[in-house]
Amino acid sequence: QVQLVESGGGSVQAGGSLRLSCVRSGDTYSRTYCMAWFRQAPGKEREGVATINTSSGPTWYADSVKDRFTISQERAEITLFLQMNGLKPEDTAMYYCAGRPASVYSTCLPESQYPYWGQGTQVTVSS
């Protein structure tokens, strides 16, 4: 059973930075994963933030976070990060890590099905 555990959320002022982490465990078979960060603000639909193919690198960013957020990984692709700089009040949301087994050629778009989800970590940005 794959488990995803996020950490790193918190409260910051506009313009500040946070780094979210997501540790993946439980799958010893799949060599490649699509990993993604999603977020959901109160009263709004969940939206994709950034995705990465663990074999080939970052694959997609939402327009609203380009040039501010960076998705990355380390520790044999087990740990996923989201570095968030230049935070804005509109970035306030619950942030979720998600994943699915993939191939090295997968584009990992947020519209694809992600069966594995973390519990979420809250990010609050004050003006």
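Along the sequence shown, the residues carry numbers beginning at 1. Keep in mind it's a predicted model, so treat the numbers as computed, not measured. Keep in mind that the numbers below use all heavy atoms, side chains included, and drop hydrogens, waters and symmetry copies.
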* Asked: Does any non-hydrogen side-chain atom of Q73 lie less than 4.5 Å from one of I78?
  -> no
* Of all residues at least two apart in sequence or in a different chain, which pass the side chain to side chain contact (heavy atoms under 4.5 Å, CB included) check with S11? -> T124
* To do: Determine whether C108 and W60 make a side-chain contact, defined as any pair of heavy atoms from C-beta on separated by less than 4.5 Å.
  => no
* When rounded to the nearest 0.5 angstrom, what distance separates CH2 in W37 from SG in C97? -> 5.0 Å
* Sequence-distant partners of P101, side chain to side chain contact (heavy atoms under 4.5 Å, CB included), two or more places apart -> D27, S30, Y33, Y116
* Within a strict 4.5 Å, meaning less than it, do heavy atoms of the Y95 and V49 side chains meet? -> yes
* Asked: Could you state the interatomic distance from CZ (F38) to CZ (R46), rounded to the nearest 0.5 Å?
  -> 6.0 Å
* Separation between CG of L87 and OG of S17, rounded to the nearest 0.5 Å -> 6.0 Å
* Asked: Charged N to carboxylate O below 4.0 Å: is that the case for D91 and K88?
  -> no
* **Main-chain N/O of Q83 paired to R19 side chain as donor or acceptor, under 3.5 Å** => no
* Heavy-atom side-chain proximity of V123 to L20 below 4.5 angstrom -> yes
* Atom pair OG/CE of S72 and M35 - distance to nearest 0.5 Å -> 12.0 Å
* Mutual orientation of the aromatic rings belonging to W117 and Y96 [parallel < 30°, tilted 30-60°, perpendicular > 60°] -> perpendicular
* **Non-hydrogen side-chain atoms of V2 and R24 separated by less than 4.5 Å** => yes
* Step by step, work out the side chain to side chain contact (heavy atoms under 4.5 Å, CB included) result for T92 and Q122. => CA-CA 8 Å; T92 295; Q122 179 67 37; 4.1 Å; yes
* Are side-chain heavy atoms of F69 and L82 found at a separation under 4.5 Å? -> yes
* Go through the structure and list residues passing side chain to side chain contact (heavy atoms under 4.5 Å, CB included) with S112, not counting sequence neighbours. => R100, Y114
* Got F81 and I71 here, is their nearest side-chain heavy-atom distance under 4.5 Å? -> no
* Asked: Which heavy atom of S127 sits nearest a heavy atom of A14, and at what distance?
  -> CA-CB, 4.3 Å
* If you group Ile, Leu, Val, Met, Phe, Trp and Tyr whenever their side-chain heavy atoms sit less than 4.5 Å apart, what else falls in with Y105? -> V104
* **Closest contact, heavy atoms only, A93 versus A41** => CB-N, 3.8 Å
* Asked: Is the side chain of T121 donor-acceptor paired with the backbone N or O of G9 at a distance under 3.5 Å, no angle test?
  -> yes
* Would you check if the side chain of T32 reaches a backbone N or O of T54 as a donor-acceptor pair within less than 3.5 Å? => no
* Heavy-atom check, side chain of Q119 versus side chain of E6, under 4.5 Å -> yes
* Structure fact -> Note: Q40 and K44 closest approach over all heavy atoms is NE2-O, 3.1 Å
* Got a sec, which residues hit side chain to side chain contact (heavy atoms under 4.5 Å, CB included) with S64, two or more places apart in sequence or on another chain? -> R39, A62
* Taking only residues two or more places apart in sequence, or in another chain, which ones meet T59 in a side chain to side chain donor-acceptor pair (under 3.5 Å)? -> T51
* N53 side-chain N/O to S106 backbone N/O, donor-acceptor pair under 3.5 Å -> yes
